Amino acid sequence: MGNFLKNKKIILGITGSIAAYKIYELIKLLKDAEADIFPVMTEKATYFVTPLSIEISCGNKVLIDMFEEPLSHIELAKKADIFLVAPATANLINKYASGIADDLLTTTLLAFKGHVIIAPAMNWRMYQSPQVQKSIEYLKNLGVKFVGPEEGLLACGEEGAGRLASINKIFESVVSAITEKDLEKEHIIITAGPTRQYIDTIRFITNKSSGKMGYALAKIAKRKGAYVTLISGPSTIEPPEVDRFIRVETTSEMLNQVMGNINKATTLLMAAAPLDFEPKKIFKTKIEKKSIKSIPLKLCPDILIEVSKLKKKPFTVGFAAEAGLNTERAKIKLREKSLDMIILNDIMQKDRGMESDTNEVLIIYRKGNKFFEEKTPLMSKEEIASIILSKIREIKLGK
Ligand SMILES: Cc1cc2nc3c(=O)[nH]c(=O)nc-3n(C[C@H](O)[C@H](O)[C@H](O)COP(=O)(O)O)c2cc1C
């Protein structure tokens, strides 16, 4: 997480859809990101969720009636950064497209001049109707952003396109709308997670890497407008939405994917923890317990060494997991592997490094022969990712 919406004012429009109950989860995410939320409900929305609980969850007065505070629609429209309608009914979408302003929500929406994000939710028959499709097309042309709907089982028991987009996707579209697109010209390859090296058909060795740091980098790079290729080992967490997601299992597969895509990249972030060694021999069947005395190992290919041999290589960032923040070892690695930057993680503490949601890293980079070091505070991996990406941009632009 992180305070990515600090000082941002969001009008949250809620309409009369069965999906309205899901909005509490979204409110929590927005509040965790420190947004100031101003809820506006249609009268029909109050059949689905109570104004009292929405007001308490948002921490600001809920507005429904246009005449309760007569100029609230203009005041709200003037002060907000983002107007999010979630869930948005077919009725609301058609009214907004036609410029109808017959309640507080539609009137404020019409007066609002900032980013509008709409998350539709309805039965697939309503969604497929030419009226709704025409309204969505028209609003998209005006610059309104739509998130979802998704395909799946609908509240009425039918299957089809009409489900409210996932709460994470809606949240991401809000944060993305206010994030400066300062990596728009970048194609970033990010590796994430562990790799596996097989012993026999069902057994393998691996490590504790969760993929969280790499996934956070991919999410934030995407938010900042980069084209992102994410090459991931077997992580169990949900990958973020990126332009290309490539799943690999072994270190050799990761190496092949990095080398196969690197010529298009402007930056390579090696946040994965590929295994350094693998069994010398992979048994073709499940080995008998008694038949094994030891498992001889050999070194796996070193992806960063292979990258360093390239004549033309992108801005390359390595990640080092060390016991303690040993800067001398990190600097040697930086030189040996011809890196532009290295991110040092301390794996000896519980609330940072592998598996943890938070991290504290030392960013080491060089300009010519001079080394520079910057330590981040202990913060979420998304905040760390944001700092790393801003630093890369700064170095690349020579500022
Ligand atoms: C149980 C129930 C569920 C409904 N769910 C939806 C829905 O998910 N999407 C939708 O567009 N309309 C839905 N409707 C219809 C809307 O509530 C109706 O069109 C209403 O006029 C919308 O008003 P509003 O847009 O001002 O909130 C539902 C109606 C009922 C009775």
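Keep in mind that what you see is a predicted model, and the values were worked out from it rather than measured. In listed order, ligands and their atoms are each counted from 1. Throughout, residue positions are numbered sequentially from 1 according to the sequence presented.
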Peer 1: Could you establish whether A19 and ligand 1 come within less than 4.0 Å of each other, counting only heavy atoms on the residue side?
Peer 2: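 Not so, A19 does not reach ligand 1.
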Peer 1: Check each atom of ligand 1 against the heavy atoms of T42 and keep those under 4.0 Å away; list them by number with element.
Peer 2: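 Once the distances to T42 are compared, the set is 24 (P), 26 (O), 27 (O).
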Peer 1: Can you list the atoms of ligand 1 that are under 4.0 Å from a heavy atom of L92?
Peer 2: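 The atoms of ligand 1 under 4.0 Å from a heavy atom of L92 are 25 (O).
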Peer 1: Side chains of E383 and S386 only: does a donor on one sit below 3.5 Å from an acceptor on the other?
Peer 2: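 Judged by distance alone, the side chains do not pair up.
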Peer 1: For atom 15 (C) of ligand 1, what is the nearest protein heavy atom, given as residue, atom name and distance?
Peer 2: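 That would be G16 O, 4.0 Å.
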Peer 1: Do me a favour and list the nearest non-hydrogen protein atom to atom 5 (N) of ligand 1 with residue, atom name and distance?
Peer 2: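 Result: I18 N, 3.3 Å.
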Peer 1: Under 3.5 Å between some N or O of ligand 1 and some N or O of A90?
Peer 2: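 Yes, A90 has an N/O under 3.5 Å of an N/O on ligand 1.
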Peer 1: What do you reckon, does T15 have a nitrogen or oxygen under 3.5 Å from a nitrogen or oxygen of ligand 1?
Peer 2: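 Looking only at distances, the answer is no, because the N/O contact criterion of under 3.5 Å is not met.
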Peer 1: Do the ring planes of Y365 and F372 sit parallel (below 30°), tilted (30 to 60°) or perpendicular (above 60°)?
Peer 2: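 Rings of Y365 and F372: parallel, under 30°.
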Peer 1: Give the numbers and elements of all ligand 1 atoms closer than 4.0 Å to a heavy atom of M122.
Peer 2: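 Those atoms are 7 (C), 8 (O), 9 (N), 10 (C), 11 (O).
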Peer 1: Which protein non-hydrogen atom lies closest to atom 22 (C) of ligand 1, naming both residue and atom, and how far is it?
Peer 2: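 Looking only at protein heavy atoms, the one closest to atom 22 (C) of ligand 1 is N91 ND2, 3.9 Å.
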Peer 1: Are any of the side-chain nitrogens in R196 or E278 under 4.0 Å away from the carboxylate oxygens of its partner?
Peer 2: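 E278 and R196: not salt-bridged.
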Peer 1: Is atom 3 (C) of ligand 1 less than 4.0 angstrom from at least one protein heavy atom?
Peer 2: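 Yes, there is a protein heavy atom closer to it than 4.0 Å.
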Peer 1: Quick test: of every protein heavy atom, which one is nearest to atom 20 (C) of ligand 1, and how far off is it to 0.1 Å?
Peer 2: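 For atom 20 (C) of ligand 1, the nearest protein heavy atom is K44 CG, 3.8 Å.
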Peer 1: Please report whether ligand 1 has a polar contact with D103, defined as an N or O pair separated by less than 3.5 Å (distance criterion only).
Peer 2: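 No: no nitrogen or oxygen of D103 is under 3.5 Å from one in ligand 1.
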Peer 1: Can you report which non-hydrogen protein atom sits closest to atom 30 (C) of ligand 1, along with the distance?
Peer 2: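 The closest one turns out to be F48 CZ, 3.8 Å.
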Peer 1: If we ignore angles and hydrogens, is there a donor and acceptor under 3.5 Å between the side chains of T251 and Q197?
Peer 2: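 Yes.
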Peer 1: Considering only protein heavy atoms, which is closest to atom 8 (O) of ligand 1, and at what distance to one decimal place?
Peer 2: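 So the nearest neighbour among protein heavy atoms is S17 OG, 2.8 Å.
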Peer 1: Using 4.0 Å as the upper bound for N to carboxylate O, is an ion pair formed by K181 and E186?
Peer 2: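 Salt bridge: no.
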Peer 1: State whether E180 and K224 are salt-bridged, where the test is any N-O pair (Lys NZ or Arg NE/NH1/NH2 against Asp/Glu carboxylate O) under 4.0 Å.
Peer 2: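 No, E180 and K224 are not salt-bridged.
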Peer 1: Is there a donor in the side chain of S53 and an acceptor in the side chain of T50, or the other way round, less than 3.5 Å apart?
Peer 2: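 Yes, because at least one side-chain N or O of S53 sits under 3.5 Å from a partner of the opposite role on T50.
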Peer 1: Is any NZ, NE, NH1 or NH2 atom of the basic residue among K222 and E241 found under 4.0 Å from an Asp or Glu carboxylate oxygen of the other?
Peer 2: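 Not counted as a salt bridge, because no side-chain N and carboxylate O are separated by less than 4.0 Å.
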Peer 1: Of the protein's non-hydrogen atoms, which lies at the shortest distance from atom 25 (O) of ligand 1, and what is that distance?
Peer 2: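 Here the closest protein heavy atom is T89 OG1, 2.6 Å.
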Peer 1: With a distance cut-off below 6.0 Å to the six-membered ring centre and an angular limit of 45° from the axis, does K78 pair with F112 as a cation-pi contact?
Peer 2: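 So K78 doesn't make the cation-pi contact.
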Peer 1: Tell me, which protein residue and heavy-atom name are nearest atom 9 (N) of ligand 1, and how many Å apart are they?
Peer 2: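 Of the protein heavy atoms, A121 O, 2.7 Å lies nearest.
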Peer 1: Classify the contact between E43 and ligand 1 as side chain, backbone, both or neither, using a heavy-atom distance cut-off of under 4.0 Å.
Peer 2: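 Answer for E43: neither.
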Peer 1: Does the side chain of K396 pick up a donor-acceptor pair with the side chain of T267 at under 3.5 Å?
Peer 2: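 Distance-only check passes for K396 and T267.
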Peer 1: For D200, is there an ion pair with K286 - N to carboxylate O distance below 4.0 angstrom?
Peer 2: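 No, no charged N to carboxylate O under 4.0 Å.
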